[in-house]
Amino acid sequence: MMMKLLLTEDQERLRSSIEKMVRIDIAPRASEIDEKDEVPVDIINIMSEMGIFSILVPEEYGGLGCGLTEACLAMEEVSKGSVSCASYILGQIFGAVSLRYGGTEAQRETYYPEIMKDANIAFAATEPQGGSDLGGIRTKAVLKGDHYIINGRKSFITNGDNAQYYVSLVRTEQGSVGTKGLSLLWIERPSEGFSIGKKEKKMGCRGVPVVELIFEDVKVPKSQLLGEKGKGMVLARILFSYTRTGVAAWAVGNAQAALEYAVNYIKNRPQFGQMISEYQAIRFMVVEMATKIEAVRSLIYRIASMADRGVMEGIHPLAAMAKWYATDIAMEVTMKAVQLLGAYGYTKEFPMERMMRDAKGLQIFEGTNEIQKIIISNHLL
Ligand SMILES: Cc1cc2nc3c(=O)[nH]c(=O)nc-3n(C[C@H](O)[C@H](O)[C@H](O)COP(=O)(O)OP(=O)(O)OC[C@H]3O[C@@H](n4cnc5c(N)ncnc54)[C@H](O)[C@@H]3O)c2cc1C
């Protein structure tokens, strides 16, 4: 049903191979993943072996050397089968993009190969006192000799439990206020002074641990700094331009899967002597769902093609538009899909209610949709 994207042969080959893998290995297990709150290791291994985690790793380091377009295709296709499984790709995007734009040659040589192996990266910005206002970050990294000494807590960190590497936004300029004085550090999972705190019990995106990270006098070599000291937010904006576009693709995958399921259902469900799909009120509902998905998909791949051509100017507010709009559409489409299935849509026998719960999370993380609107309005006004 999805309109053809203008993809190169290589991109279409990658997309269709992921689509096939998702159909066979992921989609049939999505309900079980949600029920057990666990993504099986073999699925992570399949994604790794297919090269999904290495999409943004340059070829000279053994990666696929692709761009944001391919990363979005992967997010979208995997999300169609399971929103939870797609979550594991996002951490790897954070890792690859932070090395690309902020990594030293030594960091790239060491960590690019690591990114390809496993879903082993978490991005850690949010703290217990707030996630929207990153200027309120309290986790301190104090430079002593050749090391930063880190103290603080990060909360709601996706994959924080399993990660081996944390790309973390911390305050390196003591006494600074707001987002000035923050830096990004690449932290190898510390063996001393580090622990996992509360594990959240979530409404959706189940199977992906979201946990608290506790740092108590954790020593990190100063060579782990990404980008410039005190300019972490400059680098973070570039990362968010990639990852928010990725989240938008993730939302589109979820919405597309819900739409397709619902369309198939209403074409086979008679009421009042004809299929539900024959009623104009229902047909218009489907038209609106499909059109909104197509519109935001076009925006996503336009942003991706800008990034892949190195056109970064103006991309940050565009990524905010895509993130906000796509995740709101996913929420709307999945809610309508529940409605189209009637009582069955409300049961766990059908995937609609899971897709709706998953969509809600997408509106919140990676910066809430209100925060995206603040970014867009600051750009416009
Ligand atoms: C499933 C899940 C996974 C997550 N994964 C990660 C992760 O991997 N790494 C990470 O760092 N964080 C992660 N987060 C945290 C997420 O980024 C934050 O929850 C989010 O940024 C909002 O922060 P908060 O929850 O503290 O809400 P708050 O900042 O307290 O906001 C509460 C509400 O107020 C609104 N609000 C706040 N300020 C304004 C304003 N100025 N104008 C209008 N409205 C406003 C918000 O939009 C929101 O609706 C995750 C969250 C979830 C739910």
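One-based numbering, in listed order, for ligands and for the atoms of each.
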Q: Would you check the N or O atoms of Thr158, main chain and side chain alike, for any that come under 3.5 Å of an N or O of ligand 1?
A: yes

**Q.** Pairwise side-chain contact, Lys144 with Lys219, heavy-atom cut-off 4.5 Å (strictly under)
**A.** no

Q.
Is any side-chain heavy atom of Ser87 closer than 4.5 Å to one of Thr158?
A. yes

Q: Flag the pair Glu260 and Lys80 as a salt bridge only when some basic side-chain nitrogen lies within less than 4.0 angstrom of an acidic carboxylate oxygen.
A: no

Q | Test applied, side chain to side chain contact (heavy atoms under 4.5 Å, CB included); reference residue, Leu56; option that passes from Leu64, Val97, Leu99, Ile89 | A | Val97

**Q.** Taking every non-hydrogen atom, the tightest pair across Asp25 and Ile43
**A.** O-CD1, 3.8 Å

Q) So which heavy atom on Gln363 is nearest to which on Thr327, and how close? A) CG-O, 3.7 Å

Q) Looking at atom 45 (C) of ligand 1, what's its closest protein heavy atom, distance included? A) Glu370 CB, 4.3 Å

Q: Around atom 39 (C) of ligand 1, find the nearest protein heavy atom and jot down its residue, atom name and distance.
A: Ile371 CD1, 4.1 Å

Q: Establish, for the pair Arg269 and Tyr265, whether the NZ or CZ atom is under 6.0 angstrom from the six-membered ring centre and no further than 45 degrees off its axis.
A: no

**Q.** Atoms of ligand 1 close to Ile364 [distance to a heavy atom under 4.0 angstrom, numbered from 1]
**A.** 19 (O), 20 (C)

Q | Shortest non-hydrogen separation from Met355 to Thr334 and the atoms involved | A | O-CG2, 3.7 Å

Q | Part of Ile374 within contact of ligand 1 (heavy atoms, under 4.0 Å) | A | side chain

(Q) Polar contacts were defined as any N/O atom of the residue lying under 3.5 Å from an N/O atom of the ligand; does this apply to Gly131 and ligand 1? (A) yes

**Q.** Gly130 neighbourhood, listing ligand 1 atoms whose heavy-atom distance to it stays under 4.0 Å
**A.** 26 (O)

(Q) Among all protein heavy atoms in this structure, tell me which lies nearest to atom 48 (C) of ligand 1, with the distance rounded to 0.1 Å. (A) Thr368 CG2, 4.0 Å

Q: Provide the closest heavy-atom pair for Pro221 versus Tyr148 in the form atom of the first, atom of the second, distance.
A: O-CD1, 4.4 Å

Q.
If you scan the protein for heavy atoms around atom 52 (C) of ligand 1, do you find one that is closer than 4.0 Å?
A. yes

Q) In ligand 1, which numbered atoms sit nearer than 4.0 Å to a non-hydrogen atom of Lys202? A) 1 (C)

**Q.** Lys/Arg-Asp/Glu bridge criterion (N-O < 4.0 Å) met for Glu366, Lys323
**A.** no

(Q) So, regarding Thr126 and ligand 1 (criterion: nitrogen or oxygen to nitrogen or oxygen, under 3.5 Å), is there a contact or not? (A) yes

Q. In the protein, what heavy atom is nearest to atom 1 (C) of ligand 1, and what distance, to one decimal place, separates them?
A. Phe365 CD2, 3.4 Å

(Q) I need the nearest protein heavy-atom contact for atom 7 (C) of ligand 1: residue, atom name and distance, please. (A) Phe156 O, 3.3 Å

Q) Between Ser132, Ser168, Pro209, Ala122, which one has a non-hydrogen atom sitting closest to atom 37 (C) of ligand 1? A) Ser132

Q | Atoms of ligand 1 close to Phe123 [distance to a heavy atom under 4.0 angstrom, numbered from 1] | A | 7 (C), 8 (O), 9 (N), 10 (C), 11 (O)

Q: Considering the heavy atoms of Ala125, write down every atom of ligand 1 situated less than 4.0 Å from one of them.
A: 10 (C), 11 (O)

Q.
Taking side-chain hydrogen bond (donor to acceptor under 3.5 Å, both in side chains) as the criterion, tell me which of Lys180, Lys231, Lys140, Lys229 meets it with Glu173.
A. Lys229

**Q.** Ligand-residue contact atoms, ligand 1 with Ile157, heavy atoms, under 4.0 Å
**A.** 7 (C), 8 (O), 9 (N), 10 (C), 11 (O)

Q) Do protein heavy atoms approach atom 30 (O) of ligand 1 to less than 4.0 Å? A) no

Q. Glu366: heavy atom below 4.0 Å from ligand 1, yes or no?
A. yes

Q. Taking both backbone and side-chain atoms of Val210, is any N or O found less than 3.5 Å from an N or O belonging to ligand 1?
A. no

Q | atom 14 (N) of ligand 1 within contact range, any protein heavy atom under 4.0 Å | A | yes

Q: Could you check if a side-chain atom of Ile150 sits within less than 4.5 angstrom of a side-chain atom of Phe194, using non-hydrogen atoms only?
A: no

Q | Minimum-distance pair of heavy atoms, taken over all atoms of Ile293 and Leu259 | A | CD1-CD2, 4.0 Å

Q) Does the pair Lys373/Glu370 count as a salt bridge with the N-to-O cut at 4.0 Å? A) no

Q: Look up atom 33 (C) of ligand 1 and tell me if a protein heavy atom lies less than 4.0 Å from it?
A: no

Q) What do we get for Glu200 next to ligand 1 when only non-hydrogen atoms under 4.0 Å count, side chain, backbone, both or neither? A) neither

